[in-house]
Amino acid sequence: MTEARTPLWEVFLRSRTGLSHRHVGSVHAADAVMALQAARDTYTRRGEGLSIWVVPSAAITASDPAEKGMLFEPAASKIYRHPTFYEVPDEVGHM
Amino acid sequence: MSDRFSGLLLRRADDALVLGHRLSEWTGHAPSLEEELALANLALDLIGQARALYALAAEKGAGEDEDSLAYLRGDREYTNLLLLELPNGDFAVTIARLFLYAAFMDPFWRAAAGSRDRDLAAIAAKAEKEAAYHLRHAAEWLIRLGDGTEESHRRAQAALERLWPYTGEMFEPEDEVLVAADVCPEPAGLREAWNRTVDAVLAEATLSRPAECWMQSGGRAGRHTEHLGHMLAVMQSVARAHPGGKW
Amino acid sequence: MYSQALNTRDAGPSAEDADALARFQARIDAEEKIEPNDWMPEAYRRTLTRQISQHAHSEIVGMLPEGNWITRAPSLRRKAALLAKVQDEGGHGLYLYAAAETLGTAREELVEQLLSGRAKYSSIFNYPTLSWADIGAIGWLVDGAAIMNQIPLCRCSYGPYARAMIRVCKEESFHQRQGYEIMLTLCRGTEAQKAMAQDALNRWWWPCLMMFGPPDTASQHSDASMKWKIKRFTNDDLRQKFVDATVPQGLHLGLTFPDPELRLEDGHWRFGAIDWDEFKRVVAGDGPLNRERLAARKAAHEEGAWVREAALAFAAKRRRKAA
């Protein structure tokens, strides 16, 4: 007997710290309401979160690891985007 | 007044412990891993409520401490609702029982949060949030079981029929002196809210409300079903085998 | 969390592109994490799927021996702590199944492998819990042994496994402490309670040493796992580390270990010969409770089938209604 598959959901929590929702793991549930409850019961037992998102895993579009070079390496040479690229004399103070 | 107040605390503590114990029996045997965690959370909430209520009762002189009240009273001294001591049955019975009880306890704790007794009010304020989630979880499951497959519908309806005669006990009068002193709400006053919740969820679940029938009674007076004795025999076995033992 | 060196070896990579393999190994050597969509050798995928799912099965089966005492915990504080602990094991199983699923095998299939007897789980859970002290001994010894195994797994080369283990290790930190506290309370209690604690240590000590898996001389599997940085220490290294950490804790309790050869030598606690025949027999299926443990998992799965079906049927109905 092959068991019917219960869909997988990705769980995101926003913690007390005020940071954005962060991926914390997955749960299986037949629908969104039960996925939310499962996420609450699984991932917030130690007071980890104040807000939960659940997203069907199948709905996520991911970048291709084979395209890592094309996608991310061009950013590495743009050092002028970082504040340390620019010189400000010490006597001007913090900027 | 103190005995009356202790009596109230013990009734509600016994309710919470007995149901918490029953839910904990699911551990390792739940229908899914996700529900395994959910059932344990429910049980932990209820055991926590029981501990707070026993501790307060002990403070008021009902016993030495929470453990002596939980482990050293016999079944005739337990005053929990019969509904809560029935065996778990299948998942439909477990969910239907939790639903019927939480649909009552949610408004009960909300009202008790306004109790004149500040200790009880504090326990109620915490328990109310827990009961609200228990109601949510049980209702969502009952709707899925009722409106799921033919088999789940049949099991859910059978669970309601099985449990219905035990629902009347929830509405038996609380201690009139405590009610008059605004220490706790009068259960009969919560019936309308309970009916509304039950009817709305059963309708969405495509389940029918069982016909009104003769209601079981006796738990509040320590006259129980045959099941509680067995439950306590297991629960108290280690504690009673080592009198005075510290754990 | 109970990872035991149960993982059996795969034959090495065969027809795979040598360049791809070299690039993969270079990433591992550079301590880069391998992620689900990255290229990986089939043997790496198979080894990890097996190890992570067996780890998950161990968590789930491991709920049973401790679950056996939730209804009898002798105080409400202990009852709540034990229930929370066993619930954690369920959560760890959940995280680990999810990590295994990222390698391409669905949870339903992994569970089926357990229930059909094709997949293994940690042999320690085939031993019975006979007294309340066993709950203390399991927390102290079994979780203690598990932690030795798990901490290095937080640095495992496979990202989802490493991340799951970090969460697991964080949660586990209370498990061993609650076990040791139970033992300490019993050892400071009545004669009967102390005898209960000693009896539990006597029964659990040797099976715990077996949890680390066969001796390095007999384990032909470690090479690939070490090379791939799935595993970072050998079975014997971890076992010795566990014994060194645990013996002083037991002596502090005033208990004795069931090993006449146990002695301190060059800063290490040396121990007697482990009965590897017993280990092999229990792993192969003939332990005290192998059949009962599997039967309990099967019963829960089968009795829960109508519930899972109902949830799926309801979801399908609502989707149709919404369409």
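Chain identifiers are assigned alphabetically (A, B, ...) following the order of the sequence lines, protein sequences preceding nucleic acid strands; residue numbering begins at 1 within each chain. Computed from a predicted model, the values in this text were never measured in an experiment.
Proximity to chain B (any heavy atom under 4.5 Å) is shown, for C/Glu303, by neither the backbone nor the side chain. Of the atoms belonging to B/Tyr71, it is side-chain heavy atoms, and not backbone ones, that fall under 4.5 Å from chain C. When heavy atoms are compared at a cutoff of 4.5 Å, C/Leu64 approaches chain B solely by way of its side chain, counted from C-beta outward. Proximity to chain C (any heavy atom under 4.5 Å) is restricted, for B/Ala30, to the backbone atoms N, CA, C and O. Only the side chain of B/Ile47 has a heavy atom closer than 4.5 Å to any heavy atom of chain C. For B/Asp65, no part lies under 4.5 angstrom from a heavy atom of chain C. In this structure, chain C has no heavy atom under 4.5 Å from any part of B/Leu39. Heavy atoms of C/Met196 lying under 4.5 Å from chain B belong exclusively to its side chain. Of the atoms belonging to C/Arg308, it is side-chain heavy atoms, and not backbone ones, that fall under 4.5 Å from chain B. Contacts between B/His242 and chain C at a heavy-atom distance below 4.5 Å involve the side chain alone, from C-beta outward. Of the two parts of B/Trp141, only the side chain, counted from C-beta on, holds a non-hydrogen atom closer than 4.5 Å to a non-hydrogen atom of chain C. With a threshold of 4.5 angstrom between heavy atoms, C/Ile60 approaches chain B through side-chain atoms but not through N, CA, C or O. Interface remark: C/Val86 contributes side-chain atoms only to the contact with chain B (heavy atom separation under 4.5 Å).
Salt bridge status for B/Glu204 with C/Arg318: present, with a side-chain N to carboxylate O gap under 4.0 Å. Of the charged side-chain nitrogens involved, none lies within less than 4.0 Å of a carboxylate oxygen, so that C/Glu181 and B/Lys246 do not count as a salt-bridged pair.
Counting heavy-atom neighbours within 6.0 Å of C/Lys317 NZ, excluding the residue itself, gives a total above 12. By the 6.0 Å contact criterion, CZ on B/Arg209 is enclosed, its count of non-hydrogen atoms from other residues, nucleotides or ligands being greater than 12. Enclosure of atom CZ in B/Arg220 by more than 12 non-hydrogen atoms of other residues, nucleotides or ligands within 6.0 angstrom is indicated. Around CZ of B/Arg154, the count of heavy atoms belonging to other residues, nucleotides or ligands within 6.0 Å exceeds 12. No more than 12 heavy atoms of other residues, nucleotides or ligands sit less than 6.0 Å from atom CZ of B/Arg118.
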For C/Lys79 and B/Met235, what are the C-alpha separation, side-chain angles and deciding distance, and is it a side-chain contact (heavy atoms from CB on, under 4.5 Å)? CA-CA 10 Å; C/Lys79 193 183 191 70; B/Met235 189 180 95; 4.0 Å; yes
Test side-chain contact (heavy atoms from CB on, under 4.5 Å) on C/Glu66 and B/Thr27 and set out the steps. CA-CA 10 Å; C/Glu66 289 177 282; B/Thr27 308; over 6 Å; no
Check the pair B/Gln236, C/Arg72 against side-chain contact (heavy atoms from CB on, under 4.5 Å), reporting the backbone distance first and the verdict last. CA-CA 6 Å; B/Gln236 300 176 339; C/Arg72 288 177 288 175; over 6 Å; no
Pair C/Thr71, B/His21 - check side-chain contact (heavy atoms from CB on, under 4.5 Å), show working. CA-CA 7 Å; C/Thr71 55; B/His21 183 96; 3.6 Å; yes
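B/Glu36 approaches C/Met63 most closely through the heavy-atom pair CG-CE, 3.5 Å. Shortest non-hydrogen contact noted between B/Asp67 and C/Leu76 is OD1-N, 2.9 Å. Contact between B/Leu37 and C/Gly91 at its shortest, heavy atoms only, is CD1-N, 3.6 Å. Summarising the geometry of C/Ala80 relative to B/Leu44, their closest heavy-atom pair is O-CD2, 3.4 Å, with the distance given to 0.1 Å.
The closest side-chain heavy-atom distance from C/Arg77 to B/Trp247 is not below 4.5 Å.
Taking B/Ala40, B/Gly20, B/Ala50, B/Ser32 one by one and counting their heavy-atom pairs under 4.5 Å with chain C, the maximum is reached by B/Ala40. Ranking C/Gly304, C/Pro74, C/Ala315 against chain B, the residue ahead of the rest is C/Pro74, based on heavy-atom pairs under 4.5 Å. Heavy-atom pairs under 4.5 Å with chain B were tallied for C/Ala310, C/Ala316, C/Ala300, C/Ala313; the largest tally goes to C/Ala310. Comparing C/Gly90, C/Ala192, C/Gly67, C/Ser75 by how many heavy-atom pairs each has under 4.5 Å with chain B, the most go to C/Ser75. Between chain C and the options B/Asp90, B/Leu17, B/Asn41, heavy-atom pairs under 4.5 Å are most frequent for B/Asn41.
Here the straight-line distance linking atom CH2 of C/Trp69 with atom OG of B/Ser237 works out to 6.5 Å at 0.5 Å rounding. Expressed to the nearest 0.5 Å, how far CG of B/Leu33 lies from NE2 of C/His92 amounts to 11.5 Å. To the nearest 0.5 Å, atoms CD (C/Glu309) and OG1 (B/Thr149) are separated by 6.5 Å.
A cation-pi geometry, defined here as NZ or CZ lying under 6.0 Å from the six-membered ring centre and within 45° of its normal, holds between B/Arg155 and C/Trp306.
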